[in-house]
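Notes for the one structure printed next.
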Amino acid sequence: MLAAILSLGGIGLAAAVALGFAAKKFAVEVDPRELAVAEVLSGANCGACGYPGCAAYAKAVATGEAAPNLCTPGGASTVDKIAHIMGVAAVTASPQIAVVLCQGDNPKAKAKYRYLGVADCNAAQKIADGPKECPGGCLGLGTCARVCPFGAIEITPEGLAVISREKCTGCKKCVPACPRSVIRMAPLDATVHVLCNSRDKGAVVRKYCQVGCIACHICAKTVPEAYVVEENLARVVYEHYDQAAPAVAKCPTKCIRDFVEGYPEGSTFAPPVVPVKAEAAA
């Protein structure tokens, strides 16, 4: 009995020594800055930085391969922390937000046919270029919502994708997911947008959408600095987004929208809270 115990103990001791030696021999040293950067990242693994996950980005930052300001979900505070760890100056990129440039839900935009396939925008787009008459309108099947790691996109009951300004971190994962390029990035501070993605002539747009841009140029005539019309489609000149609001009421099809006044019809997202200006509160 004693011999068996001593034998097992000896085997265990030998195994422990061997494992300890192997751990020391084959240990991979990790830059402590990599570990420190990984700790301050959001942990969302959203890929907004261009790397497959937070760990890969932390390693790239520590080796100098990646800039410290690529974690958009983390915001300015994360950039500051990473810059401090790396001993460099913090340079924060201008925050951006994703916007669905369409309001043409099922009641407002005409359909070519009734789609009964899988609920996937890419699959629907492959069948006669999608079920909507508008070649650039939102298909509303939720492909973008499913790739959003922050729950910032909802599909309304009438089939329109809406992005929450409160929840969107600007990670951009939804942009390539849309087969019709309806989702674009815009400055976070800009609340006025032309919610249309059609480049057809106005007479054609009127036939299939109640809220499409008809290239009437009224917005550009109202605020020339804030709008431009190209290829039959108006868009906000975001360098002058703070001047864009006066054209909202002038637009005959109401395709220009100020998100401060609310989200498209059917959305459950609450409008952003508008900060009260000091002079207005006085």
Side-chain angles (χ1 to χ4, degrees), residues 42 44-53 70-73 95-109 111-112 114-188 190-199 208-209 211-213 233 235-236 238 255 257 259 262-272:
S42 66
N45 293 314
C46 62
C49 56
Y51 291 85
L70 301 183
C71 180
T72 52
Q96 292 195 317
I97 193 170
V99 180
V100 177
L101 300 181
C102 181
Q103 293 184 97
D105 58 17
N106 294 330
K108 299 185 184 72
K112 286 188 292 188
R114 187 182 180 190
Y115 176 72
L116 298 175
V118 296
D120 180 81
C121 298
N122 290 287
Q125 181 64 19
K126 291 177 181 176
I127 301 177
D129 293 329
K132 278 189 172 178
E133 288 273 4
C134 175
C138 174
L139 295 176
L141 295 173
T143 300
C144 55
R146 288 190 286 275
V147 303
C148 177
F150 304 101
I153 304 178
E154 67 175 357
I155 305 299
T156 68
E158 302 296 352
L160 180 70
V162 179
I163 298 177
S164 167
R165 294 179 57 83
E166 302 289 331
K167 296 181 179 180
C168 179
T169 65
C171 76
K172 305 177 185 177
K173 289 201 75 171
C174 57
V175 175
C178 176
R180 292 187 152 194
S181 300
V182 184
I183 304 176
R184 309 287 177 82
M185 302 304 296
L188 174 61
T191 60
V192 177
H193 305 278
V194 179
L195 300 187
C196 183
N197 191 41
S198 171
R199 287 174 169 75
Y208 58 61
C209 186
V211 287
C213 175
L233 180 62
R235 65 175 176 83
V236 175
Y238 287 119
C255 70
R257 190 159 194 123
F259 280 94
Y263 286 97
E265 184 180 355
S267 172
T268 60
F269 288 143

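The figures that follow rest on heavy atoms only: side chains count, while hydrogens, waters and symmetry mates do not.
- Distance alone, capped at 3.5 Å, places no donor-acceptor pair between the R199 side chain and the P135 backbone.
- Between S198 and L233, the closest heavy-atom pair is O-CD1, 3.4 Å.
- Considering NZ of K126 and CG of D120, their distance stands at 8.0 Å, rounded to 0.5 Å.
- Closest approach of V236 and V192 over heavy atoms only: CG2-O, 3.6 Å.
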Discussion item. As a quick check of understanding, evaluate side-chain contact (heavy atoms from CB on, under 4.5 Å) for L101 and V194, giving each step before the final call.
Written reply: CA-CA 7 Å; L101 300 181; V194 179; over 6 Å; no
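- Side-chain contact check for P73 versus C46: some heavy-atom pair is nearer than 4.5 Å.
- Residues A161 and I153 come closest through the heavy atom pair CB-CG2, 4.2 Å.
- For the atom pair CE of M185 and SG of C171, the computed distance is 7.5 Å after rounding to the nearest 0.5 Å.
- Side chain of E158 to main chain of G266: no donor-acceptor pair is present (N/O by atom type, distance under 3.5 Å, no hydrogens or angles).
- Rounding to the nearest 0.5 angstrom, the gap separating the CD1 atom in I155 from the SG atom in C121 is 7.0 Å.
- Rounding to the nearest 0.5 angstrom, the gap separating the OH atom in Y115 from the NZ atom in K132 is 14.0 Å.
- The two residues H193 and A186 make their nearest non-hydrogen contact at CE1-CB, 3.6 Å.
- Minimum heavy-atom separation, V162 to S267: CG1-OG, 3.6 Å.
- Residues A98 and I183 share a closest heavy-atom pair of CB-CG2, 3.9 Å.
- A donor-acceptor pair under 3.5 Å links the side-chain atoms of R165 to the main chain of L188, judged by distance alone.
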Worksheet item: What's the verdict on side-chain contact (heavy atoms from CB on, under 4.5 Å) for D129 and K112, showing C-alpha distance, side-chain angles and the deciding distance?
Response: CA-CA 10 Å; D129 293 329; K112 286 188 292 188; 4.2 Å; yes
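- Looking only at side-chain heavy atoms (C-beta outward), S164 and F259 stay at 4.5 Å or farther from each other.
- The closest side-chain heavy-atom distance from F269 to E154 is below 4.5 Å.
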Worksheet item: Between C196 and V211, does a side-chain contact (heavy atoms from CB on, under 4.5 Å) hold up when you go through it step by step?
Response: CA-CA 8 Å; C196 183; V211 287; over 6 Å; no
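- Within the 4.5 Å cutoff, side-chain heavy atoms of L195 are placed close to those of V99.
- Expressed to the nearest 0.5 Å, how far CZ of R180 lies from SG of C144 amounts to 13.0 Å.
- A distance of 12.0 Å separates CZ of R184 from SG of C174, quoted to the nearest 0.5 Å.
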